[in-house]
Amino acid sequence: MVVVFFLFVKEFLHDEKIAFFSTLLLIVFPHHFYFSMVYTESTFMFFLIACFYSLLRNKKELFIISSMLLVLTRINGIFMLIPLALFINRNDNQKWFKISNYYIFIPMIFAFFGYMFFLKTTLGDFMAFKVVAEKNWGGHLQLPFQTYIDCITKNGADLFLRYNAIYSLVFLLLSFVFLFKKQYSFFALCIIGILIPLLEGSTISQPRFISILFPYSILFGSMISKMRYPNAIIALLFLLQLITFGFWNLSLPLSF
């Protein structure tokens, strides 16, 4: 995942220095210890980056394989279809109505419905993943901004969920930088990646979900590569990662 990310940023921006610092940030950023845990983060992001990289290199076969495995790694991978479609048309708005540009998404869609059929035949419910979220994590459908309000303003709100809400809200606001830069695919990726989990009515695991939103690493990497003492910032971020990892070791909700 780290290698493919470096190659993608290097080719996308044509700047090896920014690619290096972006990759370094991806590794040391607080909460990014999830990439070395027994979670799906590194696998999901590997296939996600591979999708973007294959579109950048016009490797259709690689994209088809990566996009199918993306959906099979996490069911919400189907929502990545939107930022990927935007990425295809990043340089030419005239291509929007050319159907031939989008046939490569067909296998990805088939993988999605194939997995749902698998859930139906094995667990008896097309939406088994939603049932699990509701029963095990108390999820319930509600608007994302209502989730923010519940977790930040209510007197009885859990301290860790409140932290997750503020952390998430900061990154949500930061995503508009990509909109102003006209990087619409990155903007869509970040907005979808943050808001979709909030539909479950809780901010639990928000730092983990945000860790796969690689445009932030590129943004921060671009900034740090121009600073006078980037190594000091890298060291500070790594220290903060060790602190968040400490919460995980103590089984505290901050890092779930």
Answer yes or no: is there a donor N or O on one side and an acceptor on the other, between the side chain of K226 and the main chain of S222, under 3.5 Å?
yes
Flag side-chain contact, heavy atom, 4.5 Å: M227 against F21:
no
Does the plane of the ring in F245 sit parallel, tilted or perpendicular to the ring in W248? Use 30° and 60° as the thresholds.
parallel
Heavy-atom closest contact (H32 atom, L25 atom, distance):
ND1-O, 4.1 Å
Angle between ring planes, F220 versus F29, binned at 30° and 60°: parallel, tilted or perpendicular?
parallel
Validation row: L26, F6 side chains within 4.5 angstrom (heavy atoms):
no
Using the benzene-type ring in the case of Trp, are the ring centres of F186 and F214 under 6.0 Å apart?
yes
With a 3.5 Å distance limit and no angle check, can you tell me whether Q241 reaches the backbone of V28 through a side-chain donor-acceptor pair?
yes
Test your reading of the model: is there a side-chain donor-acceptor pair from T244 to the backbone of H31, 3.5 Å cut-off?
yes
How are the rings of F247 and F160 set to each other: parallel, tilted or perpendicular (split at 30° and 60°)?
perpendicular
Do Y167 and T203 have side-chain atoms, one donor and one acceptor, less than 3.5 Å apart?
no
How about F187 and F176: are their ring centroids closer than 6.0 Å?
yes
Please confirm whether the backbone N or O of F118 pairs with a side-chain atom of T121, one donor and one acceptor, at under 3.5 Å?
yes
Quick one: does Y53's side chain have a donor or acceptor within less than 3.5 Å of a partner on V4's backbone?
no
